[in-house]
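So the structure is just underneath, and the comments pick up after that.
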Amino acid sequence: MTDDARTVMFLHGLGASPSSWDAQLTALPPGYTGFAPPVPGITGAARTPFTVQGAARSLVDDLDARNLDRVHLCGLSLGAMTATQLALDHPDRVASLVLSGTQVRPNPVLMAVQRGVIRLLPERVAAGMGLTKADWLAVLRSISRVDTVPRLREIHVPTLVLCGSRDVANLPAARRLAHEVPGARLQVVPGAGHPWNEQHPESFSATLSEFYGRLDDERAIVPDA
């Protein structure tokens with residue numbers, strides 16, 4: 001395998017697809033390459049229960065198949081939760097983390113409200129995301145049981161936590177994540193909502209370029225890192 005310190009794996013949110021990262025994939029800094037796989041286990045979750053641990057394991061299999069030893073992870077929402085789990089369970093495969101609009105211990109009341117709203121939606125809404133309503137609800141039930149807070153101090157890679165200022169439901173988790181992960185940096189993006197990688201693609205890409213540029217500078221100072 002190769003220890004590719006300039007490959008980025010992008011992980012999409014629930015209801016999005018790998019194409020949600022198209023703008024970022026084409027705007028990576030010189031020398032960087034990236035790919036955006038589907039988050040495993042979402043489709044069919046009503047039959048085979050989805051878990052972030054299972055998704056993380058499957059993504060490691062994907063890295064093995066690509067002959068990649070270690071990559072940078074960039075995720076939004078469910079993708080960021082999965083990236084966090086991958087960094088906890090397989091720390092040797094992760095070079096850095098960029099986590100946007102994520103959760104570490106979802107609010108059970110908000111999750112229950114969200115599931116209630118989804119139950120009222122027509123099936124075609126879920127079908128437009130490539131899911132059934134049953135799959136959608138099953139994934140949300142699994143997410144509601146996630147609690148990575150006790151393990152966040154185990155993460156020891158450069159970590160950038162992002163959250164749009166209008167993404168109020170995820171701001172507390174972003175602050176908690178940045179506080180608990182050693183050395184993590186929090187950036188609240190003025191005027192941005194939840195899927196701001198699509199709403200403000202140039203801004204998101206510039207944020208990534210700045211982060212990876214800083215990592216390159218640090219590697220140049222400490223070449224054996």
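Keep in mind that this is a model prediction, so the values were computed, not measured. Each residue takes its place number in the sequence, starting with 1. All values below come from the heavy atoms of this structure, side chains included, with hydrogens, waters and symmetry mates left out.
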How long is the gap from CG on Asp69 to CG on Leu63, to the nearest 0.5 Å? 9.0 Å
Chi angles and distances behind the side chain to side chain contact (heavy atoms under 4.5 Å, CB included) call for Thr84, Leu152: CA-CA 9 Å; Thr84 301; Leu152 290 176; 4.1 Å; yes
Would you say the side chain of Leu160 lies within less than 4.5 Å of the side chain of Thr207, judging by non-hydrogen atoms? yes
What's the spacing between Leu59 CG and Leu73 CG if we round to 0.5 Å? 8.5 Å
Give the C-alpha distance, both sets of side-chain angles, the deciding distance and a yes or no for side chain to side chain donor-acceptor pair (under 3.5 Å) between His72 and Thr7. CA-CA 6 Å; His72 300 278; Thr7 299; over 6 Å; no
Ala55 and Thr82: which non-hydrogen atoms are nearest, and at how many Å? CB-CG2, 3.8 Å
Can you classify the ring geometry of Phe204 versus Trp196 as parallel (below 30°), tilted (30 to 60°) or perpendicular (above 60°)? tilted
Does Asp135 reach the main-chain N or O of Gly44 with its side chain, forming a donor-acceptor pair under 3.5 Å? yes
What's the shortest heavy-atom distance between Leu11 and Pro37, and which atoms? CD2-CG, 4.1 Å
Which distance, rounded to the nearest 0.5 Å, do you find between the CG of Leu215 and the CZ of Phe211? 4.5 Å
Tell me if the CZ atom of Arg166 is crowded by more than 12 foreign heavy atoms within 6.0 Å. no
Nearest 0.5 Å, what's the SG-CZ distance between Cys163 and Arg175? 8.0 Å
State whether the side chain of Arg93 and the backbone N or O of Leu68 hold a donor-acceptor pair below 3.5 Å, judged by distance alone. yes
How long is the span from the OG atom in Ser142 to the CG atom in Leu137, to the nearest 0.5 Å? 12.5 Å
With distance as the sole test, does Thr102 use its side chain to make a donor-acceptor pair with the main-chain N or O of Ser100 at under 3.5 Å? no
After noting the C-alpha distance and the side-chain angles of Ile42 and Leu14, does the key distance pass the side chain to side chain contact (heavy atoms under 4.5 Å, CB included) rule? CA-CA 8 Å; Ile42 293 175; Leu14 182 61; 3.8 Å; yes
Sidechain-backbone polar pair: Asn197 side chain, Ser20 backbone, donor-acceptor under 3.5 Å: yes
Check against side chain to side chain contact (heavy atoms under 4.5 Å, CB included), Val104 and Asp147: CA-CA 6 Å; Val104 290; Asp147 183 3; over 6 Å; no
Might you point out which heavy atoms bring His194 and Asp167 nearest each other, and give the distance in Å? ND1-OD2, 2.8 Å
For the backbone of Gly191 and the side chain of Ser165, can you confirm whether one donor and one acceptor N or O come within less than 3.5 Å of each other? yes
Could you tell me whether a side-chain N or O of Thr48 sits under 3.5 Å from a main-chain N or O of Ala45, the two making a donor and an acceptor? no
Working to the nearest 0.5 angstrom, can you tell me the gap between Thr148 OG1 and Leu177 CG? 7.0 Å
Determine yes or no for a side-chain-to-main-chain donor-acceptor pair under 3.5 angstrom, with Ser205 supplying the side chain and Pro201 the backbone. yes
Quick one: do Leu97 and Val181 satisfy side chain to side chain contact (heavy atoms under 4.5 Å, CB included)? Show the steps, please. CA-CA 11 Å; Leu97 289 170; Val181 173; over 6 Å; no
Between Arg66 and Asp61 (salt bridge meaning N to carboxylate O under 4.0 Å), is one present in this structure? no
For Ala80 and Gly75, the nearest pair of non-hydrogen atoms, with its separation, is CB-O, 3.3 Å
Using a strict 4.0 Å threshold on nitrogen-to-oxygen distance, state whether Glu180 and Arg176 make a salt bridge. yes
Hey, does the side chain of Gln24 reach the backbone of Glu198 with a donor-acceptor pair shorter than 3.5 angstrom? no
Test of ring centre spacing under 6.0 Å for Tyr212 and Tyr32: yes
Determine, stepwise, if the pair Gln53 / Asp89 fulfils side chain to side chain donor-acceptor pair (under 3.5 Å). CA-CA 8 Å; Gln53 293 91 344; Asp89 293 346; 5.8 Å; no
Flag for Ser19-Asp22: side-chain donor and acceptor within less than 3.5 Å: no
Check for a donor-acceptor pair, side chain of Ser203 on one end and backbone N or O of His200 on the other, with a separation under 3.5 Å. no
Is the closest basic N to carboxylate O distance between Arg57 and Asp62 below 4.0 Å? no
Over 12 non-hydrogen atoms of neighbours within 6.0 angstrom of CZ in Arg153: yes
Hey, is NE2 on His156 packed in by over 12 heavy atoms from elsewhere, all under 6.0 Å? yes
Is a salt bridge present between Lys133 and Glu123, judged by a nitrogen-to-oxygen distance below 4.0 Å? no
Testing the basics here: between Thr43 and Gly130, what is the closest heavy-atom pair and its distance to 0.1 Å? OG1-O, 3.7 Å
